[in-house]
2 protein chains.
Amino acid sequence: MRLSEKKITTALKRHGYKLTPQRRAVIGAIASSPDHLTPAALYQKVRQDHPTIGLATIYRTLEILAKLELICELHAGGSCRSYTIAAPGHHHHLICADCGEVIDFSGHYLTELEERLCRETGFEIEGHLLEFIGRCQSCQQNA
Amino acid sequence: MRLSEKKITTALKRHGYKLTPQRRAVIGAIASSPDHLTPAALYQKVRQDHPTIGLATIYRTLEILAKLELICELHAGGSCRSYTIAAPGHHHHLICADCGEVIDFSGHYLTELEERLCRETGFEIEGHLLEFIGRCQSCQQNA
DNA sequence: GCTACAAATGAAAAGAATTATCATTTATAT
DNA sequence: ATATAAATGATAATTCTTTTCATTTGTAGC
């Protein structure tokens with residue numbers, strides 16, 4: 001079950017944002033698509049009904065919707081990246097949202113889940129990305 | 001335990017890549033840093049010892065090392081993003097590396113792990129990112 | 001050690017993605 | 001209806017990454 005357009009517009013108003021035709025169009029386009037859309041793809045889609053909308057408005061609207069957690073962000077390749085030396089064997093990351101500290105932890109928590117996904121979806125799974133975001137102890141104290 | 005510089009250079013040669021001073025410098029910089037480094041940060045660091053290195057070489061080297069899985073990539077905010085409407089309650093993604101299809105799945109597989117990480121690291125955990133990468137059935141057939 | 005040659009490099013340009021600026025328009029509370 | 005702050009579109013500016021290309025260099029084979 002996904003959030004309805006109605007709930008999203010209500011939430012926007014509740015947080016003091018104006019309900020403009022452009023925002024309605026962006027929300028409509030996201031809500032009516034089963035796929036994940038990049039900002040550029042969304043721009044194309046919205047322009048079919050709303051040819052004068054600017055790309056900046058798309059970005060601004062996405063920023064608000066993501067902040068309010070009304071839409072969900074997917075990371076898949078591309079630019080937001082940093083690197084560290086690989087550890088043999090699997091590990092995952094725990095990242096501090098304030099200071100950027102990264103703690104690695106290892107383990108095989110996902111094997112069972114991975115097998116189930118294979119069975120149910122027919123995917124051949126190559127890898128996964130597991131990251132926790134939070135706040136480290138010293139950043140908690142500084143806040 | 002992390003991969004040693006030695007193992008990385010050996011693996012490079014084994015795959016037919018030349019061992020240039022620039023590549024050594026990049027590998028040395030990554031291997032000697034406990035943190036995750038962005039391409040730009042790495043560039044700064046390498047230039048201390050190797051002032052003439054070009055940023056393109058950093059990118060090229062990172063690309064090779066990541067392809068050989070000698071370094072490990074971290075995604076944390078930033079640009080590589082696409083969006084879909086939020087589902088109430090948690091869900092995760094299964095992404096086809098070939099066609100980009102995304103399947104959402106939900107569940108609470110990580111609660112226990114999250115609690116353990118809290119206890120052991122003192123982090124206050126806000127959220128997480130869990131994505132599986134693989135190949136969907138039709139892309140497996142086309143390959 | 002020399003040589004040949006493909007591979008790698010640095011510099012610079014090009015391209016892609018995102019954000020900021022600013023004058024104009026508009027949603028909304030009154 | 002009106003006033004006002006917020007939002008918009010166009011454009012410029014940034015930032016990040018990739019490409020191009022002439023030059024340099026690592027390495028296999030002698």
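Predicted model, so just to flag it, every value in this text is computed and none were measured. A note on names: the letters A, B, ... follow the listed sequences, proteins ahead of strands, and every chain is numbered from 1.
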Any residue in residues 44-53 of chain B with a heavy atom nearer than 4.0 angstrom to DNA chain D? Just list them by number, or reply none.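 Residues of residues 44-53 of chain B that come under 4.0 Å of DNA chain D do not exist, since none gets that close.
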
Nearest-Å distance, [atom1] ([X]) to [atom2] ([N])?
X	N	atom1	atom2	result
B/L12	D/dG26	CG	C1'	13 Å
A/L62	D/dT8	CG	P	12 Å
B/I58	C/dA8	CD1	P	16 Å
A/L55	C/dA17	CG	C1'	9 Å
B/Y43	D/dT15	OH	P	15 Å
A/R23	D/dA6	CZ	P	11 Å
A/Y59	D/dT14	OH	P	18 Å
B/R14	D/dT27	CZ	C1'	18 Å

How would you summarise protein contacts on nucleotides 20-30 of chain C per nucleotide, using B for base, S for sugar-phosphate only and - for none, with heavy-atom distances below 4.0 Å? BB-----BS--

Check: B/C118 main-chain N/O paired with B/E124 side-chain donor or acceptor under 3.5 Å: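 The answer is no, because no donor-acceptor pair under 3.5 Å joins these two groups.
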
Test of understanding: with side chain to side chain donor-acceptor pair (under 3.5 Å), list the residues that count as partners of [X], not counting sequence neighbours.
X	result
B/R47	B/Y43
B/E120	B/R116
B/K67	B/Y17

List the atom of A/P39, the atom of A/I58, and the distance in Å for their closest heavy-atom pair.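 Taking A/P39 first and A/I58 second, the nearest heavy atoms are O-CG2, 3.8 Å.
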
Can you confirm whether B/I64 sits close enough to B/L70 that some side-chain heavy atom of one is under 4.5 Å from a side-chain heavy atom of the other?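 Side-chain contact under 4.5 Å: no.
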
Any non-hydrogen side-chain atom of B/L113 less than 4.5 Å from a side-chain atom of A/L130?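 Yes, at least one pair of side-chain atoms sits under 4.5 Å.
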
The criterion is side chain to side chain contact (heavy atoms under 4.5 Å, CB included); which residues satisfy it with A/T20, sequence neighbours excluded?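 Once residues adjacent in sequence are excluded, the partners of A/T20 under the side chain to side chain contact (heavy atoms under 4.5 Å, CB included) criterion are A/K18, A/Q22, A/R23.
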
Result of checking B/L62, B/I53, B/L55, B/T61 against B/L42 for side-chain contact (heavy atoms from CB on, under 4.5 Å):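 Exactly one candidate clears the test, B/L62.
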
